[in-house]
Participant: 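Here it is, the structure in full.
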Amino acid sequence: MVDKNKQDKKAQQETEDIKRRLDMLDHRLDDIDTMVSAVIERVMVQPVSLTLNCPHCGRNVEISMIGNKKPSV
């Protein structure tokens, strides 16, 4: 009976950990969505240039985007 209680507690902790990780992932995806939306809105009004450094090869990557009007809703 003691072993079953320990197993139940361990299973409950694992379930809580999974829920916490899913909540963290959901929060990150929301943050990414917000960032992408802000960039898109800015691009539609004026040109934007992003310069990134590749973490694998170390090369600089430049991305330029130009839009001429806001999308209609």
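Please read these numbers as outputs of a predicted model, since none were measured by experiment.
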Participant: Testing D33, T34, I32 for side chain to side chain contact (heavy atoms under 4.5 Å, CB included) with V36, which one passes?
Facilitator: I32

Participant: Show every side chain to side chain donor-acceptor pair (under 3.5 Å) that has at least one partner inside residues 52-64, sequence neighbours left out.
Facilitator: S49-E62

Participant: Suppose we screen for salt bridge (Lys or Arg N to Asp or Glu O under 4.0 Å). Which residues come up paired with D17, at least two apart in sequence or across chains?
Facilitator: R20, R21

Participant: Does L22 share a hydrophobic cluster with M24, counting links as ILVMFWY side-chain heavy atoms below 4.5 Å and allowing steps through other members?
Facilitator: no

Participant: Can you tell which of Q12, K10, E16 makes a side chain to side chain contact (heavy atoms under 4.5 Å, CB included) with E14?
Facilitator: K10

